[in-house]
There are 2 protein chains.
Amino acid sequence: MTVITPKKMSFKAQQHKFREDAILDAVNRLLAQKGYDLMTMDEVAAEVGIAKASLYKHFDSKDSLAAASMTRFLEDSLAMARHLPKHLSAVEKLKSVVRWAITIHLTGTMPSLPSTRSSIQQTLLAHEPYLTQLESLTELLGQWIHDAQVAGDLSAALPGEVILYTIYARSCDPVVDFLKNGGAFSDADIVDLLVHTCFEGMTKPPPCEL
Amino acid sequence: MTVITPKKMSFKAQQHKFREDAILDAVNRLLAQKGYDLMTMDEVAAEVGIAKASLYKHFDSKDSLAAASMTRFLEDSLAMARHLPKHLSAVEKLKSVVRWAITIHLTGTMPSLPSTRSSIQQTLLAHEPYLTQLESLTELLGQWIHDAQVAGDLSAALPGEVILYTIYARSCDPVVDFLKNGGAFSDADIVDLLVHTCFEGMTKPPPCEL
DNA sequence: GTCTATAAACCGATAGAC
DNA sequence: GTCTATCGGTTTATAGAC
């Protein structure tokens, strides 16, 4: 009897994954909208269109649900970063990452990373898959930061950590919400303005007319 | 009979104000540490050293307590801004404001302004004293931003709102916490690094060795 | 005004039928 | 696996004695 490893997942497994992705999509929207502490499991269930108890068949707790959402977002970020055109310079790749993150933020589907002051932070730092993805992304960005400094496109006098943390923070910058709510700028303008002030500051004028 | 308007508050009133200030100090510390949603009224009472019911004799609700804390912080900010040395240029004044805010942040006594994703935001925007202070501060900073643009110290091509929002956001930047927790930098270094990246970006090197 | 004790509401998580 | 119904814990806010 030959055992054939199926190329595709079984129908059951596919359905299971599809359901979980739908849940995580809903969680992303709610996290982007209200943040972790204000998001309730009842809301998640309602948004997905299933009962709350069904939610707990897929995820152990609210913490693990949020951790899964964050982990998937990091996976997406890493995949995006790794598929950037090879001909880009290091600093252009870094700008592309920030640009991509702000774009996601503007669509209202970026799980707001609670940097501090949220009860989920401890859980996140104890969640193995999350840490693995975060370390991979940090390593990749760290390499680009180093390259950009060597190339003279980023200040070599600035500690790498400062640049890395700044890039992470700007990727979920509340200024995005301020400008979006103000209504005076298009999404494309907001992205350009924020990427510019992040890397070039506010003393240097933007390249084109904004 | 002559009615003499007392120069100083009555002892009762003084004591009342002293108590309220002690409460707001505790709220500031707790807001800085855990944020609004995770701060409980029990903790506030315990931190001050009074019973929870006594808290409600001074403030109507958790919302109004947080609003009072935020309003007092804005008052302090405005007072600081108005007492800056007159000989400073507009951009130097703006940098001083950010520098001051980050310094407060580092002492752990800055009530984290919940830009979005917090249940208090609506209450805050309906709280008259808060709005009044915010408008005064915005007007003052707006004038300085304009002056700095005319003087060529800030890019005139950058919309004033973008600069204003960026200054507000950098004043409670999570990067402060990242660097503080990293432990590799002194508080003074952190302030210098963040003020620099805020205004000059990451391409230009800092003036001195950091 | 300050306290203890408690009401009222909300939310995370689970039991048990289907 | 999905549902309805509910438990148990936490939190805001208040009642009532002193």
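Within every chain, numbering begins at 1; the chains are lettered A, B, ... in the order of the sequence lines, protein sequences first and strands thereafter.
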Expressed in angstrom and rounded to an integer, what is the separation of [X] atom [atom1] from [N] atom [atom2]?
X      : N       : atom1 : atom2 : value
Y56(A) : dT6(D)  : OH    : C1'   : 14 Å
K52(B) : dT12(D) : NZ    : P     : 7 Å
D42(B) : dA13(D) : CG    : P     : 11 Å

Identify the heavy atoms of D63(A) and I120(A) that sit nearest to each other, and give their distance. O-CD1, 4.2 Å
Just call it for K57(A): base, sugar-phosphate, or nothing, with non-hydrogen atoms closer than 4.0 Å on any strand. base
Which two nucleotides bound the region of DNA chain C that has atoms under 4.0 Å from heavy atoms of chain B, read 5' to 3'? dG1(C) to dT4(C)
Measure from NZ or CZ of K95(B) to the centre of the six-membered ring of F199(B), then state whether that distance is under 6.0 Å and the direction lies within 45° of the axis. yes
Taking the six-membered ring of Y36(B) as reference, does the NZ or CZ atom of K62(B) fall below 6.0 Å from its centre and within a 45° cone about the axis? yes
Is H146(B) atom NE2 crowded by more than 12 heavy atoms from other residues, nucleotides or ligands, each under 6.0 Å away? no
Which sits closer to the 5' end of DNA chain C, H58(B) or S61(A), going by the nucleotide each is nearest to? H58(B)
Sorted by first residue and then second, give each salt bridge (Lys or Arg N to Asp or Glu O under 4.0 Å) pair with at least one member in residues 123-147 of chain A; sequence neighbours left out. none
What's the closest nucleotide to the A53(B) side chain, out of dT11(D), dT4(D), dA15(D)? dA15(D)
Under 3.5 Å donor-acceptor, Q149(B) side chain and P159(B) backbone: no
